Amino acid sequence: MDRDLDPRLEPLARRMRDRGQPPERDLWPGIDEAIDRRERAGDHPARTGWWRFAAAVAAMLVLVLGARDLHVPRGDSTPGGTPSPVVAEAAATWALDGLDEEAAIESALAELNAAMAADPDNPHLSRLALMVHRSRGEMLRRSGETAQRTG
Amino acid sequence: MDPQLGNHGAARPDHEDMDLVNRSNAGDRAAFESIYRRYVDRIYGTSLRLTADRVEAEGLTQDTFVRAWFSLAGYSGQGSLGGWLARVAVNLWRDRFRSDKRRDRLQGQLTAELAAGPALPVDPRDRGGVIPLLTALDLEWAVAQLPPGARTVFVLHDVEGFKHREIGEMLGLATGTVKAHLHRARRLLRGMLADEREETHGS
């Protein structure tokens with residue numbers, strides 16, 4: 001708020017904004033009906049804001065681990081079947097940074113579990129979760145082999 | 001400025017809001033109705049100040065909540081949920097405003113208002129006696145008496161917290177012109193306040 005506004009008006013303007021005004025009739029039935037109408041016409045809420053992030057994390061993980069010869073088909077690493085250039089670049093950076101595989105897998109699984117709780121019918125998430133679990137198994141197997149060799 | 005924050009401080013979402021948002025994002029329509037109940041007064045108030053028409057304000061409020069249902073995943077939890085909804089309402093109003101004749105009409109009014117100078121459009125005493133311009137309700141009334149251009153700029157800047165530049169882009173005005181209208185709107189409101197004080201202390 002700049003100083004041109006009378007100091008007496010500033011708190012009033014804020015209260016005016018926050019208090020608002022009640023409409024003369026309940027608008028909810030019209031809103032509910034409009035939402036139903038749009039959904040029947042094929043519109044669906046974009047509930048993907050954060051599960052996309054979770055999916056990207058999982059996809060990056062699969063790409064990184066896939067690049068390390070974990071027998072994960074690269075073409076299956078994203079919902080669309082082909083890794084996006086952004087994901088591939090991020091995956092490469094991640095690999096170069098030497099990310100802790102175990103921490104990355106646990107983090108990806110946590111993200112995916114939360115995403116699946118919010119969107120249980122999403123087939124892409126289920127598929128990614130399966131791939132991350134597979135990667136986790138491979139990582140554990142490889143850790144065991146390494147321990148045997150060094151032990 | 002983060003439009004979710006406005007000029008009135010960094011409001012933060014409360015836990016109940018975030019719970020309602022998460023449940024709505026999971027498809028819980030009852031949770032979304034609770035969001036509506038919490039914020040309908042704020043959104044209708046914003047809509048009414050922008051449109052100055054009860055029927056249009058109802059339509060804008062309704063469309064705001066319908067749009068919010070389909071795009072609630074875009075609310076990141078940064079800033080208040082009320083601020084985010086108000087931004088949706090203002091964006092919808094701006095889109096309609098851009099596409100119809102009201103923009104031309106308002107721009108004409110803005111030009112005429114600046115040329116007319118600072119005279120009060122309505123004598124506050126015509127309201128029926130002394131106006132105690134000391135509450136938000138009274139300011140609401142006073143703002144409603146402003147000429148359309150001054151009211152729009154005042155509401156967008158001082159109430160909703162948009163920047164001069166953003167308002168200029170919405171209304172198709174230079175930033176300097178927006179500042180001139182804002183200055184005029186504030187002067188008009190101060191005039192009403194001074195009149196009230198004169199009435200109160202002079203009697």
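Because the structure is predicted, anything quoted here is derived from the model rather than measured. Chain letters run A, B, ... following the sequence lines, proteins first and then strands; every chain starts at 1.
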- [ ] Please flag which part of B/Tyr39 lies under 4.5 Å from any non-hydrogen atom of chain A: side chain, backbone, both or neither.
- [x] neither

Open item on the list: Between B/Val143 and chain A, with a heavy-atom cut-off of 4.5 Å, which part of the residue counts as in contact: side chain, backbone, both or neither?
Closed with: side chain

- [ ] Report yes if some heavy atom in the side chain of A/Asp26 is under 4.5 Å from a heavy atom in the side chain of B/Arg37; otherwise report no.
- [x] yes

TODO: Please assess A/Asp36 against B/Arg29 for the test side chain to side chain contact (heavy atoms under 4.5 Å, CB included), listing each intermediate value before the final yes or no.
DONE: CA-CA 10 Å; A/Asp36 282 343; B/Arg29 191 79 66 87; 2.9 Å; yes

Considering all heavy atoms, the nearest [X]-[Y] contact:
| X | Y | result |
| --- | --- | --- |
| A/Pro22 | B/Asp41 | CA-OD1, 3.2 Å |
| A/Ala13 | B/Leu139 | N-CD2, 3.5 Å |
| B/Tyr36 | A/Trp28 | OH-N, 3.3 Å |

Task: Ionic contact status for A/Arg17 with B/Asp158, cut-off 4.0 Å - done: no

Rounded at 0.5 Å granularity, tell me how far [atom1] in [X] sits from [atom2] in [Y].
| X | Y | atom1 | atom2 | result |
| --- | --- | --- | --- | --- |
| A/Met16 | B/Arg49 | CE | CZ | 4.5 Å |
| A/Arg38 | B/Arg67 | CZ | CZ | 7.5 Å |
| A/Leu27 | B/Phe65 | CG | CZ | 8.5 Å |
| A/Ile35 | B/Glu33 | CD1 | CD | 10.0 Å |

